Amino acid sequence: MSSLSRTRSGARVIVGMSGGVDSAVAALRLTADGHEVQGLFMSNWEEDDDYCTTAQDYQDARRIAADLGIVLHRVNFSEQYRERVFQHFLDDYRAGRTPNPDVLCNREIKFGLCLNYARRLGAQFYATGHYARVQQLSCGPALFQALDASKDQSYFLHAVAREHFAQVLFPLGELHKQEVRELARRAGLPVHDKPDSTGICFIGERPFAEFLSRFLQGSPGPIETLDGHVLGQHRGLPFYTLGQRSGLTVGGARGRAQEPWYVARKDQARNALVVVQRHEQHWLDAEAVMCGLINWLCAPRSGAFSASVKLRYRQAAQPARIRMQDGGGALIEFEHPQRAATPGQFAVLYEQDRCLGGGVIEQARYNSQALSRQSKLRAISTEDV
């Protein structure tokens, strides 16, 4: 059953409108199907600089609403966003983790506060321009991947409370991006060729490290090889993530291969950044990850079962064995080692194209042979000293 076929003609649908082509076409399709459509523009971040596009996005949303002949509401959730999403973002970076604020924004703001606001406006359904699909099964709402695999956003939606999807529509779930732009062009919508937004919403195109340094104080420490050889100094662990290559400012080292360096570990206790070279990248391979409480978008599972898992948005789902833990967490053991499994990011579970839910990566278990070798290297280094 498609998202649109779940609604009766004439139902009031509030569409979250961002000023982009995706939400514009979502509103267009719902209007064409005879629904009472109203738009809702949400402000989450407001800064008076060249990187914040809120003002222009609102003007684009107004033009779209005028062209479609629908009412456009506006609400400001910037204070709640800073409390529920941005503060968590900063706390995670301080703890040496790498968060994904877009997942939290969907859970707390877009399908939390914004959905509730739409209900207060009398909405029977709340729609967005996300690329995903929702089906109402006998057991309740179920989230599925979009038909356009290259645009699928189910990864970012996995943390939303399952019951909320009962009132959610994704009109683009069965379309490909080029079809969406063509529908917008044919309808004469002014944003048909507007570029997609990229990166974290409150950062936009601005330099990430520069932005982060406004809120987090740097604490310099050593950049080390696996055997403890100091190569240089880092500016602060929050400014690096596992697998990172650029920005390390580490040149050639005597007796080392002329290869690039990659972040392999962040040692919080010693404030040390551990790096490896290209031929040593197996040190980044994780055999398993431990996740915190799983948010289920199906009947909660128990015991052990097989599923496919994504550790990052652009990654193809990987086969794994899931072992549920006391307290609702999960140990995920992969058939094949996974590069740079990063605490603070999310592990999202799938069965074919259905999203089962997911949880925060708390710890990674790296290649056992590599860990054994690392212990020996450090022991040798200590003995030499």
Side-chain angles (χ1 to χ4, degrees), residues 92 95-100 103 145 149 152 154-156 158 223-228 237 240-246 248 250 256-257 259-268 272-292 294 301 303-325 329-353 355-380:
D92 257 13
R97 295 150 63 98
T98 303
N100 190 320
V103 171
Q145 292 178 300
D152 172 60
S154 60
Y155 179 92
F156 297 113
H158 79 271
I223 299 177
E224 300 179 351
T225 61
L226 291 166
D227 56 4
L237 295 183
Y240 305 86
T241 190
L242 298 186
Q244 178 179 332
R245 172 182 171 180
S246 61
L248 296 182
V250 175
R256 305 282 177 173
E259 295 178 344
W261 296 88
Y262 299 83
V263 175
R265 305 284 185 273
K266 292 198 284 187
D267 189 330
Q268 289 285 119
L273 192 70
V274 181
V275 297
V276 296
Q277 290 190 286
R278 178 181 291 156
H279 71 279
E280 302 171 306
Q281 288 188 72
H282 56 276
W283 297 91
L284 288 164
D285 292 343
E287 298 174 330
V289 296
M290 180 67 76
C291 288
I294 299 295
R301 303 291 177 87
F305 62 96
S306 296
S308 297
V309 179
K310 285 188 176 187
L311 298 184
R312 56 186 64 86
Y313 169 48
R314 292 294 184 187
Q315 179 188 35
Q318 302 295 309
R321 188 69 175 166
I322 318 301
R323 302 183 189 279
M324 297 306 301
Q325 308 291 300
L331 173 64
I332 301 175
E333 298 174 307
F334 297 99
E335 285 190 13
H336 310 288
Q338 300 300 305
R339 177 183 166 86
T342 306
Q345 294 283 295
F346 293 87
V348 182
L349 283 55
Y350 292 87
E351 278 185 350
Q352 298 180 329
D353 60 346
C355 180
L356 304 180
V360 180
I361 300 171
E362 301 292 349
Q363 293 178 319
R365 186 176 76 205
Y366 294 98
N367 184 299
S368 56
Q369 292 181 343
L371 285 176
S372 176
R373 184 177 168 222
Q374 182 178 12
S375 298
K376 292 177 181 177
L377 283 172
R378 286 207 171 274
I380 292 170

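Values below: every heavy atom of this structure, side chains too, minus hydrogens, waters and symmetry copies. None of the values given here were measured: they were computed from a predicted structure.
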Measuring from atom [atom1] of [X] to atom [atom2] of [Y], what distance do you get when rounded to the nearest 0.5 angstrom?
X    : Y    : atom1 : atom2 : value
D353 : D152 : CG    : CG    : 9.0 Å
E362 : M290 : CD    : CE    : 9.5 Å
L248 : Y262 : CG    : OH    : 10.0 Å
R265 : E224 : CZ    : CD    : 13.0 Å

Under the side-chain hydrogen bond (donor to acceptor under 3.5 Å, both in side chains) test, which residues partner [X], sequence neighbours left out?
X    : answer
Q281 : R339
E335 : none
T98  : T241
Q345 : none

Completion exercise
Quick note, side chain to side chain donor-acceptor pair (under 3.5 Å) partners involving residues 304-313, not counting sequence neighbours, are S306-R321
If you take all heavy atoms of [X] and [Y], which pair is closest and at what distance?
X    : Y    : value
I294 : C291 : CD1-CB, 4.2 Å
W283 : Y366 : O-CD2, 3.8 Å
P260 : R245 : CB-NE, 3.4 Å
G243 : L284 : N-CD2, 4.0 Å
R323 : A304 : NH1-CB, 4.0 Å
A341 : L242 : O-CD1, 3.5 Å

Practice task
Could you give me the CA-CA distance, side-chain angles and deciding distance for L311 and T342, then say whether side-chain contact (heavy atoms from CB on, under 4.5 Å) is met?
Solution key: CA-CA 8 Å; L311 298 184; T342 306; over 6 Å; no
Is the backbone of [Y] close enough, under 3.5 Å, to the side chain of [X] for a donor and an acceptor to pair up by distance?
X    : Y    : answer
Q318 : A316 : yes
Q363 : I361 : no
E259 : H279 : yes
Y240 : K266 : no
Q244 : S246 : yes
E287 : D285 : no

Exercise for the section: Just do the side-chain contact (heavy atoms from CB on, under 4.5 Å) check on I322 and V309 with the steps written out, would you? Expected result: CA-CA 9 Å; I322 318 301; V309 179; 3.9 Å; yes
Problem - R301: side chain to side chain contact (heavy atoms under 4.5 Å, CB included) partners, not counting sequence neighbours - result: W296, C298, F305, E351, L356
Practice task
Report yes if the side chains of V360 and V103 come closer than 4.5 Å at any heavy-atom pair, otherwise no.
Solution key: no
Handout entry: Steps toward side-chain contact (heavy atoms from CB on, under 4.5 Å) verdict (I223, W261)
Key = CA-CA 11 Å; I223 299 177; W261 296 88; over 6 Å; no
Fill in the blank from the handout: Exactly one of V276, L273, L237, V274 clears side chain to side chain contact (heavy atoms under 4.5 Å, CB included) with V263, and that residue is L273
